[in-house]
Amino acid sequence: MAKEKPAETPVVTIEQVGKHEGAEVVLRGWLYNLREAGKLLFPIFRDGTGVIQGVVSQKEQPGVFESLRGLTQESSVIVTGRIRAEHRAPGGYEISVTALEIVQRVPESDPYPIQLKEHGVDFLLDRRHLWIRTPRQAAVLRLRDEAIRAAREYMNSQGYTLTDAPIFTPAACEGTTTLFEVQYIDDEKAYLTQSGQLYVEATAMALGKVYCFGPTFRAEKSKTRRHLTEFWMLEPEAAYANLDDMMALGEGLVSHIVQSAVKNRARELETLKRDTAKLTAVKPPFPRITYDEAIEILQKRGNPAKWGDDFGGDEETILSSQFDRPLIVHRYPAAIKAFYMQPDPQRPELALGFDMLASEGYGEIIGGGERISSYDLLVQRLRENHLPEEAFQWYLDLRRYGSVPHAGFGLGLERTVAWVCGTEHIREVIPFPRMIYRVYP
RNA sequence: UCCCCGGUAGCUCAAUGGUAGAGCGUUCGGCUGUUAACCGAAAUGUUGCAGGUUCGAGUCCUGCCCGGGGAGCCA
């Protein structure tokens with residue numbers, strides 16, 4: 001028979017601790033840091049939702065004092081104590097510990113490797129599975145979650161249906177970039193997808209307004225703070241939609257993601273010391289300029305760009321720094337865009353495509369536009385780009401059977417989240433980044 | 001693939017071609033309000049690897065390995 005207990009001490013999260021001021025609670029987490037001041041101990045506990053300072057007096061809690069003294073960083077603990085408002089404690093609350101259960105003690109002979117100080121990137125990336133425990137990394141991952149949640153919410157509010165694309169594909173989506181080749185069952189070869197676009201074009205013809213959201217893979221040997229070999233992309237596609245529809249959708253999606261982060265994740269942005277004034281400004285309408293105008297701006301600023309060039313990192317930074325919110329550049333030369341882009345009927349040398357450049361130099365976060373709906377033109381473009389027509393027969397079917405004008409885009413999740421967080425490098429905004437020469441852990 | 005930078009204690013970094021060091025972490029001691037606490041002491045090294053130059057190489061030269069930043073390409 002269970003023993004009668006007067007009142008169970010509630011297990012709470014550190015995030016919620018303010019609601020239990022004056023009460024005794026149980027916290028379950030890890031020892032983040034321990035400061036010793038003679039007969040007083042100041043442990044800092046973390047539980048994934050936040051950190052809180054504890055205090056233990058040798059005089060008042062000799063048993064707890066003895067077991068806590070010398071306890072190693074990141075040892076797992078279950079802590080019982082009373083919550084007090086305490087202005088001297090970081091976070092404003094403090095727990096006076098009355099009982100401590102050590103779930104696992106990190107051995108002194110093999111201490112937790114990540115100290116509360118600066119570390120090198122290589123060291124941290126080799127220990128990414130531990131690095132994510134630090135408050136800053138946890139805040140970034142919560143903002144990633146918020147961005148995904150907000151993005152789905154927005155797509156749903158606009159009447160879009162999630163229809164995910166396959167990860168194994170029979171051939172290149174765009175032909176230009178390098179693919180990861182994998183053996184598919186017996187002797188067949190398959191490739192990891194570099195974009196779900198071709199597939200959402202198909203589902204758009206079935207359901208109207210659709211999007212996919214999943215990982216994509218690029219085997220490019222890019223070594224920059226803006227590139228991952230595995231990254232997540234959200235790709236809307238809508239039948240009967242045009243370039244203007246997609247620029248409006250992209251603008252609405254990005255501003256909803258940013259405003260949701262500001263509204264729902266203020267604490268995390270504070271942890272990251274992000275200047276939220278710059279994020280609050282991200283509201284429609286976003287500035288829109290044509291490629292022609294972009295070239296003019298660049299030339300006025302002394303950049304050697306000439307008509308027909310694509311923009312590199314420098315050009316993107318010059319252009320986006322002119323504005324306080326993301327910049328949309330549209331109608332690029334067809335020659336520098338993907339084979340499936342619809343030409344501008346007014347000026348066939350232009351493609352009805354657009355890019356969205358995040359502010360503050362974070363680069364391209366969206367690329368998209370209208371797709372070619374004509375069977376003949378699409379076949380011509382496949383041939384011009386030396387793409388294997390056999391592999392694209394199913395895609396050509398979309399132009400054989402009830403082809404309609406349609407448009408879409410791809411939004412790079414990590415670039416967007418890196419910009420929202422203000423992180424220096426894109427690798428911090430995905431739990432386990434995959435980069436050239438780095439697939440561990 | 002190309003260009004640039006780096007690799008020294010568990011970590012972050014010092015060291016004119018001349019005895020390999022500091023701070024943090026770990027261990028021991030001290031301290032009743034600490035804020036990456038502080039103070040005192042101790043232990044800790046195949047200087048990325050292989051050659052070469054030199055009386056002598058962490059330092060100079062060659063090759064290689066590993067990593068970082070950028071270009072190209074893209075989200």
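Chain identifiers are assigned alphabetically (A, B, ...) following the order of the sequence lines, protein sequences preceding nucleic acid strands; residue numbering begins at 1 within each chain.
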Please enumerate all residues that pass side-chain contact (heavy atoms from CB on, under 4.5 Å) together with [X], with sequence neighbours excluded.
| X | value |
| --- | --- |
| Q342(A) | L352(A), E370(A), I372(A), S373(A) |
| A99(A) | T80(A) |
| H119(A) | I114(A), Q115(A), K117(A), F123(A), L124(A) |
| S222(A) | E220(A), H227(A) |

**Study point:** Most 5' of G363(A) and G38(A) on RNA chain B, judged by nearest nucleotide
**Key:** G38(A)
Point to revise | Q322(A) side-chain N/O to I318(A) backbone N/O, donor-acceptor pair under 3.5 Å | key: yes
Whole-Å distance between [N] [atom2] and [X] [atom1]?
| X | N | atom1 | atom2 | value |
| --- | --- | --- | --- | --- |
| L234(A) | A75(B) | CG | P | 14 Å |
| E108(A) | U26(B) | CD | P | 9 Å |
| M356(A) | A75(B) | CE | P | 14 Å |

Exercise for review: Identify whether any heavy atom of H87(A) sits under 4.0 Å from a base atom; if not, whether one sits that close to sugar-phosphate; answer base, sugar-phosphate or nothing.
Suggested key: nothing
Check your understanding: Do other residues, nucleotides or ligands put more than 12 heavy atoms under 6.0 Å from the CZ atom of R84(A)?
Key -> yes
Practice item. Look at the aromatic rings of Y291(A) and Y332(A) and report parallel, tilted or perpendicular, splitting at 30° and 60°. Key: tilted
Review point. Can you find a donor-acceptor N/O pair under 3.5 angstrom joining the side chain of S222(A) to the base of C74(B)?
Key: no
What pairs of nitrogen or oxygen atoms, one from the protein and one from nucleotides 10-14 of chain B, lie under 3.5 Å apart?
unit_1	atom_1	unit_2	atom_2	d
G10(B)	N2	Q115(A)	NE2	2.3
C11(B)	O2'	H119(A)	ND1	2.6
C11(B)	O2	K117(A)	NZ	2.4
U12(B)	OP1	G120(A)	N	2.7

Point to revise | Geometric cation-pi criterion R128(A) and W131(A), 6.0 Å radius, 45° cone | key: yes
Revision key, fill the gap. Stems with RNA chain B, 3 or more Watson-Crick or G-U pairs in a row (under 3.5 Å), are B:1-7 with B:65-71, B:10-13 with B:21-24, B:26-30 with B:38-42, B:48-52 with B:60-64
